[in-house]
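Comments concern the structure below.
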Amino acid sequence: MRELHDLNVSIAVEAAELARARRRVGVAVAASKSSLVDIVTEADREVERLVVERLRAARPDDGILGEEGTSIAGTSGLTWVIDPIDGTVNYLYDIPAYAVSIGLVEGDPDPATWQPLSGVVVNAASGERFEATRGGGATLDGRPIRVADAVPAATALVGTGFGYDAARRQRQAAIVQELIGSVRDIRRIGAAALDLANVASGRLNAYFEIGLQPWDFAAGALIVEEAGGSLHGWQGEAPGSRFLLAAHPQVAAEILELMAPLPVEGV
Ligand code: LIP
């Protein structure tokens with residue numbers, strides 16, 4: 001396990017350096033995906049290519065799932081789940097909140113069944129490195145991290161996010177409108193991997209989002225759990241695209257209660 005995790009860390013750090021170097025010389029939109037505002041840059045693709053190349057060389061029998069299209073079935077029973085640049089819109093606007101996120105899971109890259117083993121999230125702008133191994137705890141730049149102590153929801157700082165479809169964003173905003181009066185405040189940081197890292201390091205009391213993809217949270221979810229936090233899906237389901245909440249277990253219970261009457265299913 002140590003060897004696999006060290007491989008994850010070294011590749012994520014190298015990938016973050018590439019993303020940072022490309023950011024320095026300027027970034028352009030290469031294409032849009034699910035909507036006009038769901039953009040991909042050439043750097044997203046280049047960073048994914050680098051990560052895949054390194055993994056294929058070191059671990060030819062493993063599977064790989066990447067946001068920018070990589071989908072390789074493995075024979076080893078292990079799968080790497082990659083978001084080459086999470087927070088791509090921040091990256092385009094040079095807002096220093098974008099990250100390389102690499103998770104290693106046992107089983108298929110399906111959040112309902114996978115067993116996360118190793119997770120690394122590197123903020124490519126600041127260089128901060130969040131990491132965890134199953135049962136090994138979570139660290140930031142090598143120092144142990146823990147979720148913040150439990151607080152009442154009324155004083156909880158809550159992160160969230162919005163999708164690339166305008167109508168969906170309006171439905172997501174309606175959920176936030178219902179919740180915002182019952183918590184300290186809302187933060188929209190723009191990168192799920194960093195939102196999860198912020199929960200794990202006590203910079204947020206909670207984070208929830210509807211509509212995430214497996215690569216957005218494959219690494220960050222393990223980092224939250226290993227920092228003493230809990231992950232929740234909607235109405236007892238596994239955390240996933242339909243709904244994901246991360247927080248200290250007590251804070252999560254209160255926020256789930258607050259959100260129970262809200263039209264989350266329809267988002
Ligand atoms: C982003 C997520 C973020 C979400 C954005 C987008 P991307 O991922 O990290 O939480 O709100 O809509 O999905 O597209 O930058 O990799």
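Computed from a predicted structure; not experimentally measured. Counting starts at 1 for both ligands and their atoms, following the listed order.
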>> Could you go through D6 and R2, starting from their C-alpha distance and side-chain angles, then the distance that decides it, and tell me whether this counts as salt bridge (charged side-chain N to carboxylate O under 4.0 Å, His left out)?
In response: CA-CA 6 Å; D6 291 348; R2 188 75 250 164; 3.2 Å; yes
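Shortest contact from atom 5 (C) of ligand 1 to any protein heavy atom: F162 O, 3.7 Å. Closest to atom 16 (O) of ligand 1, if we only count protein heavy atoms, is E67 OE1, 3.0 Å. Summary of contacts: the protein heavy atom closest to atom 13 (O) of ligand 1 is Y164 CE1, 3.8 Å. The protein non-hydrogen atom at the shortest distance from atom 9 (O) of ligand 1 is D86 OD1, 2.6 Å. What sits closest to atom 10 (O) of ligand 1 on the protein, heavy atoms only, is E209 OE1, 2.9 Å.
The shortest side-chain heavy-atom distance between D108 and T79 does not fall under the 4.5 Å cut-off.
Listed for the N90 side chain is a donor-acceptor partner under 3.5 Å among the backbone atoms of I189. When atom types are taken as modelled, the side chain of R146 and the backbone of S201 share no donor-acceptor pair closer than 3.5 angstrom. Formation of a donor-acceptor pair under 3.5 Å by the S230 side chain with backbone atoms of A247 is found in this model. A donor-acceptor pair is defined here as one N or O able to donate and one able to accept, closer than 3.5 Å; no such pair exists between the side chain of R187 and the backbone of T160.
Taking every heavy atom of D83 and a limit of under 4.0 angstrom, the matching atoms of ligand 1 come to 16 (O). Close contacts between ligand 1 and G161 involve ligand atoms 11 (O) [criterion: under 4.0 Å to a heavy atom]. Counting atoms of ligand 1 from 1 in the listed order, those under 4.0 Å from a heavy atom of A191 are 9 (O). For ligand 1, the atoms closer than 4.0 angstrom to any heavy atom of I85 are 16 (O).
The CD1 atom of I102 sits 6.0 Å away from atom CD1 of I82, with the distance rounded to the nearest 0.5 Å.
Across all non-hydrogen atoms, the minimal contact from G127 to D141 is O-OD1, 4.1 Å.
Using 4.0 Å as the threshold, Q213 has no heavy atom nearer than that to any atom of ligand 1. The closest approach between a heavy atom of D38 and any atom of ligand 1 is not below 4.0 Å.
Side-chain contact annotation: D38 with S32, donor-acceptor N/O pair under 3.5 Å absent. No donor-acceptor contact under 3.5 angstrom links the side chains of Q213 and S241, judged on distance only.
Close N/O approach between D195 and ligand 1 is not found [any backbone or side-chain N/O within under 3.5 Å]. Considering backbone and side-chain N/O of G87, one or more are found under 3.5 Å from N/O of ligand 1. Residue A192 places at least one N or O, backbone or side chain, under 3.5 Å from an N or O of ligand 1.
Under 4.0 Å from ligand 1, not a single heavy atom of K33 appears. Under 4.0 Å from ligand 1, heavy atoms of T88 appear from its side chain as well as its backbone.
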